[in-house]
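Input: a single structure, listed below in structure tokens.
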Amino acid sequence: ESINPGSFYYSFKRLWEKGIEKLQFSKESKINFYQSQLKVKLAELNFVVEHKLLSEVQQASERFAFQAGILTDELVKQNSNHKDKFIKEFGIYDNLLEKLRDVYPANSAFWMLIQHDINTLNILTERLK
């Protein structure tokens, strides 16, 4: 991502994302948009962890979990045939999140924030089964 949390332009990026979301009319385009947003939120979380932007970890973590929930809700609402694909994708994200989590000391506040994302993905995976 070229614009990440902590950047002056980040608020504008978030506003742009919300506007683009309103323009997704078909079921497939909504799922594709939410999937791409989840990847963006994971990239942003990765950025804040790699660059040690501790003041941004909580919000980035919450945005990721929120976006994963939005995607899951849409898949369940549409009774989508793509659920298995996203179960696998969530598993991949789980592994990436574990690496990000382990940057911090076990059971520290930042460790727990990312662990919450891992737990959230596990709960959402169960909803998709």
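Listed by chain and number, the residues in a salt bridge (Lys or Arg N to Asp or Glu O under 4.0 Å) with Glu17 are Arg14, Lys41 (sequence neighbours excluded). Every residue meeting the side chain to side chain contact (heavy atoms under 4.5 Å, CB included) condition with Asn32, not counting sequence neighbours, appears here in chain and number order: Glu28, Gln35. With sequence neighbours left out, the ring-ring contact (aromatic ring centres under 6.0 Å, His included) criterion links His51 to Phe47. Residues passing the side-chain hydrogen bond (donor to acceptor under 3.5 Å, both in side chains) test with Glu74, sequence neighbours excluded: Gln78. For Val76, the side chain to side chain contact (heavy atoms under 4.5 Å, CB included) partners at least two apart in sequence or on another chain are Thr72, Arg127, Leu128. Contacts of Tyr104 classified as ring-ring contact (aromatic ring centres under 6.0 Å, His included), with partners at least two apart in sequence or in another chain: Phe110. Applying the side-chain hydrogen bond (donor to acceptor under 3.5 Å, both in side chains) rule to Gln59 yields no partners; only residues at least two apart in sequence or on another chain are considered. With sequence neighbours left out, the side chain to side chain contact (heavy atoms under 4.5 Å, CB included) criterion links Gln24 to Ile20, Ser29, Lys30, Phe33. For the salt bridge (Lys or Arg N to Asp or Glu O under 4.0 Å) test, no residue two or more places apart in sequence or in another chain qualifies with Glu50. For Lys83, the salt bridge (Lys or Arg N to Asp or Glu O under 4.0 Å) test picks out no residue, with sequence neighbours left out. Here Asn107 pairs with Trp111, Met112 under the side chain to side chain contact (heavy atoms under 4.5 Å, CB included) rule; sequence neighbours left out.
When hydrophobic side chains of Ile, Leu, Val, Met, Phe, Trp and Tyr are connected at separations under 4.5 Å, Tyr10 ends up clustered with Ile3, Phe8, Tyr9, Phe12.
Taking CZ of Phe64 as the start and CG of Leu100 as the end, the distance is 9.5 Å to the nearest 0.5 Å. In this structure, Ile70 CD1 and Ile31 CD1 are separated by 13.0 Å, a value rounded to the nearest 0.5 Å. From Asp94, atom CG reaches atom CG of Asn122 across 5.0 Å, with rounding to the nearest 0.5 Å. Separating the CD atom in Glu89 from the CG atom in Asp84 is a distance of 12.5 Å, to the nearest 0.5 Å. Once rounded to the nearest 0.5 Å, the distance linking CG of Leu124 with CG of Asp117 reads 10.5 Å. Note that the CD atom of Glu62 and the CG atom of Leu113 stand 7.5 Å from one another [nearest 0.5 Å].
Residues Ile114 and Leu97 approach most closely at CG2-O, 3.4 Å, considering heavy atoms. Closest heavy-atom contact between Leu38 and Ala68: CD1-N, 3.5 Å.
In the hydrophobic cluster analysis, where Ile, Leu, Val, Met, Phe, Trp and Tyr join through side-chain heavy atoms closer than 4.5 angstrom, Leu75 is grouped apart from Val40. Linking Ile, Leu, Val, Met, Phe, Trp and Tyr whenever their side-chain heavy atoms come within less than 4.5 Å leaves Phe66 and Ile123 in two separate clusters. Residue Val57 is grouped with residue Val103 when hydrophobic side chains (ILVMFWY) are merged at heavy-atom distances under 4.5 angstrom, including chains of intermediate members. Side-chain heavy atoms closer than 4.5 Å link hydrophobic residues (I, L, V, M, F, W, Y) into clusters, and following such links, possibly through other members, connects Val49 to Ile92.
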| request: Decide yes or no on side-chain contact (heavy atoms from CB on, under 4.5 Å) for Glu44 and Lys13, but give the supporting numbers first. | output: CA-CA 12 Å; Glu44 291 173 357; Lys13 176 186 174 184; 2.7 Å; yes
| message | As a quick check of understanding, evaluate side-chain contact (heavy atoms from CB on, under 4.5 Å) for Gln67 and Leu71, giving each step before the final call. | response | CA-CA 6 Å; Gln67 196 63 49; Leu71 174 59; 5.6 Å; no
| field | Working for side-chain contact (heavy atoms from CB on, under 4.5 Å), residues Asn4 and Val48 | value | CA-CA 8 Å; Asn4 286 292; Val48 299; over 6 Å; no
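Counting heavy atoms from C-beta on, the side chains of Leu53 and Pro5 never come closer than 4.5 Å. At a threshold of 4.5 Å between non-hydrogen side-chain atoms, the residues Thr120 and His116 count as touching.
Using modelled atom types and a 3.5 Å distance limit, the side chains of Gln115 and Asn119 yield a donor-acceptor pair.
A salt bridge is absent between Glu1 and Lys39: the closest approach of a Lys/Arg side-chain nitrogen to an acidic carboxylate oxygen does not fall below 4.0 angstrom. Glu21 and Lys18 are not joined by a salt bridge, as no carboxylate oxygen comes within less than 4.0 angstrom of a charged side-chain nitrogen.
Counted within 6.0 Å of CG on Asn81, heavy atoms from surrounding residues, nucleotides or ligands total 12 or fewer; the atom is thus considered open.
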